[in-house]
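Position 1 is the first residue of the sequence, and the numbers go up from there.
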Amino acid sequence: MNNFDYNDRSEMDSMGDELYSVPVKAGKRIYYFDVKATRGEDYYVTITESRKKQMRDGSFTIDKHKIHLYKEDFQKFGDGFREVVEYIKRERPEFFNPDGSAISSVASSSENSSYDGGTVSAQTLSEDDFFKGL
C-alpha cells in the first residue's frame, strides 16, 4: 500500500455502525476514537492507533492496533488510565508543562497534517476532555 489516506476508513473495523469519530494526530501516530453501535443498538468505543511505516524497499505499510471498549468497562478503563497518568506525572514531572499537558517528544509542524494527499484534522485533547462522559 503506497498511498494511505487517513480519511479512508474502509479498512477500519467493519463491525458495528460508526456513529461518531474523533481522530487525534499525535506525532507519527493517529488515534481514532470511534463510537459504534451493535445491531441491538448498544454503544461501544474502538480506539485505534495507526502508524505509517516505510519499508526497506521504499513501500509503505500501516501498523494498526485496536481495542474495543464496552460501556460496562468505561468507568474502570477511565480510572485505570487516570491512575497511570497521575503516576507518571508524580514520577517524571519533567515530562509535563506547567498546565499539565505532556511535552511532546515529536515536534508538530501544524495542526493539520497531510499524508500522500489525505488530510486529517488534528485535535489535541486534555486528559479531562478525553474522559468527559466516561
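Between Ser21 and Glu18 the shortest heavy-atom distance is CB-OE2, 3.4 Å. The heavy-atom pair separating Ser50 from Lys64 by the smallest distance is OG-CG, 4.2 Å. Residues Ile30 and Pro23 approach most closely at CG2-CB, 4.3 Å, considering heavy atoms.
Connection of Leu69 to Tyr43 is established within a shared hydrophobic cluster, with ILVMFWY side chains joined at heavy-atom distances below 4.5 Å, either directly or through further cluster members. Linking ILVMFWY side-chain heavy atoms closer than 4.5 Å, directly or via other members, places Leu19 and Phe33 in a single hydrophobic cluster. If you chain together hydrophobic residues whose side chains sit under 4.5 Å apart, Val45 and Ile67 fall into the same group. Linking ILVMFWY side-chain heavy atoms closer than 4.5 Å, directly or via other members, places Val84 and Phe96 in two distinct hydrophobic clusters.
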Where do Val22 and Tyr32 land on the side chain to side chain contact (heavy atoms under 4.5 Å, CB included) test, with the steps shown first?
CA-CA 6 Å; Val22 176; Tyr32 293 99; over 6 Å; no

Decide yes or no on side chain to side chain contact (heavy atoms under 4.5 Å, CB included) for Arg51 and Lys28, but give the supporting numbers first.
CA-CA 6 Å; Arg51 290 187 314 160; Lys28 293 182 179 183; 5.6 Å; no

One pair to check against side chain to side chain contact (heavy atoms under 4.5 Å, CB included): Thr46 and Lys36. What are the steps and the verdict?
CA-CA 8 Å; Thr46 61; Lys36 297 186 177 190; 3.8 Å; yes

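Looking only at distances, a side-chain donor or acceptor of Arg82 sits under 3.5 Å from a matching main-chain atom of Gly78. Listed for the Asp57 side chain is a donor-acceptor partner under 3.5 Å among the backbone atoms of Ser59.
The salt bridge (charged side-chain N to carboxylate O under 4.0 Å, His left out) search around Lys76 returns none, not counting sequence neighbours.
Taking 4.5 Å as the limit, every side-chain heavy atom of Lys66 sits out of range of all side-chain heavy atoms of Ile47. With a 4.5 Å cut-off on side-chain heavy atoms, Phe77 and Gln75 do not count as touching.
Rounding to the nearest 0.5 Å gives a distance of 8.0 Å between CG of Asp63 and CD of Glu49. Distance check: Glu94 CD to Lys89 NZ gives 14.0 Å after rounding to the nearest 0.5 Å.
Side-chain contact, Thr38 with Asp42: no donor N or O sits under 3.5 Å from an acceptor N or O.
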